[in-house]
Amino acid sequence: MPSGSPLSSPNSKDAPRRGLATRAVHPPELQPQGGRPTAPLLDLSSTYSFEDAEEFARASQAKVGEGYVYARWANTTVDLFEAAVADLEGTEEAEAFSSGMAAIACVCLALCDAGDRIVAARQLYGTTFALLSQRLPRYGIETTFCELDDYDSIAAALPGSKLLYCETIGNPRIQVADLKQLAALAAEADVPLVVDNTFASPVLCRPAELGAQVVLHSATKFLGGHHDLLGGIVCGDSASVDRVRAVARDVGPTLAPFNAWLALRGLATLHLRVIRSSESALVIARALHDHPAVDAVHYPALPSDVHRSLAEKQLSGMGGGTLGFEVAGGKQRATRFQEGLKLVQPAASLGGSHTLLVHSASVTHTQLSAQELKEVGISQGFYRLSVGLEDPGDILSDLTAALDATADL
Ligand code: PLP
């Protein structure tokens, strides 16, 4: 250790010289002096030690989230990520999770008991749909599904339910939820509106500003942004987040500190990435719309899209980085198209640096029966495209070359 180093060792000063095994467990520690690190500190501790026995006992009994005792309850790097996302979403607090599904499951378990009922939009990420329609009923929690814009049915279903659930932009058909309208219906029935804001990110939409009580994300997507972490986060008022945190403490779907650190690094470029992928997605949506091998394009920033005016009001005039399109001619032609891609990668995620494409019926929505796929509008030619940060011209050339190569089918 050079003299003047900010590293100091408990073994090197007044303490007696300890054995190698002890010194290996208690290495020199970083002392806060000199310049401040600009990158967040990565705190990998799973537990925290206390000199004062009473303080230890007090901290262990404190409200979840107050102080550091054990990393399933709270960790400093994870706390930094939670504070950052709560700030971007404009909510009082946030609680991070090991994945988006962990976040969604814990919200449902926090707000519902056996015998309770959820009201949800029918257009949801496949695993969320499976959680609500198949898994939670095994624990006595049922869901009434309604079309996203069938406000009469939603209003009729809400009384007596425990939460109203939707996605800002529905996966994978890219429908935009009218959050103000849904929040008003939920408020009338005194039911919290819970919004999965994964596709929009707080750059395009902040559901809490529109009346949502709980906002959640798969941080695996835009928040992380580089296809290198799994994570989830739940944002809301302190009382709601406290309830979710209590479930997380018992169930244990904790975000790993390194993933929180990666997600914090992702947040630094969130704004740039979301704007860039939205701008590129619009260029691609326009071109696919005019391509003869494409039956339909679903993208809310297209002038012809039914959700255009909502995107204008609610998504800062943009459509986001994800679009849906239907290859004409069914599964065989769709498969030839997918296998002809050279730059765009067939892979099951979205919201990151690389452009990814997924065949929804056979990958993300396999939990749905043929009838359910039909009801939510997923045909055998349907693809979800997550537009990354490459040159939009290169993405488009790859897509059109692969489509053109199917012309004989
Ligand atoms: N919500 C949406 C809208 C998603 O698209 C996904 C995954 O694709 C999830 C939640 C689940 O997130 P995770 O894969 O991080 O569990």
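First listed ligand is number 1; within each ligand, the first listed atom is number 1.
- Of the inter-residue distances, the one linking L373 atom CG with F382 atom CZ reads 11.0 Å to the nearest 0.5 angstrom.
- Residues T322 and V387 are not in side-chain contact: their nearest non-hydrogen atoms beyond the backbone lie 4.5 Å or more apart.
- Of all the heavy atoms of I104, the ones lying under 4.0 Å from any atom of ligand 1 belong exclusively to the side chain.
- Considering both main-chain and side-chain atoms, S218 comes within under 3.5 Å of ligand 1 through a nitrogen or oxygen pair.
- You'll find the side chain of L399 stays beyond 4.5 Å of the side chain of L343, heavy atoms only.
- Residue M101 has at least one nitrogen or oxygen atom sitting less than 3.5 Å from a nitrogen or oxygen atom of ligand 1, judged on distance alone.
- Checked by distance only, ligand 1 and N171 come closer than 3.5 Å through their nitrogen or oxygen atoms.
- Using the six-membered ring where Trp is involved, Y68 and Y48 have ring planes that are tilted, between 30° and 60° apart.
- Atom 11 (C) of ligand 1 has Y125 CE2, 3.6 Å as its closest protein atom, hydrogens excluded (heavy atom only).
- Residue contacts with ligand 1: K221 is placed with a nitrogen or oxygen under 3.5 Å of a nitrogen or oxygen of the ligand (distance criterion only).
- Here H291 pairs with nothing under the ring pair (Phe, Tyr, Trp, His ring centres under 6.0 Å) rule; sequence neighbours left out.
- Heavy atoms of S349 stay at 4.0 angstrom or farther from ligand 1.
- Atom numbering of ligand 1 starts at 1 in the shown order; those under 4.0 Å from a heavy atom of D196 are 1 (N), 2 (C), 3 (C), 10 (C).
- Taken to the nearest 0.5 Å, the CZ atom of F50 stands 6.0 Å off from the OG atom of S60.
- Relative orientation of the W73 and Y70 rings is perpendicular, given thresholds of 30° and 60° on the angle between their planes.
- The G231 neighbourhood of ligand 1 comprises atoms 15 (O), with distances under 4.0 Å to a heavy atom of that residue.
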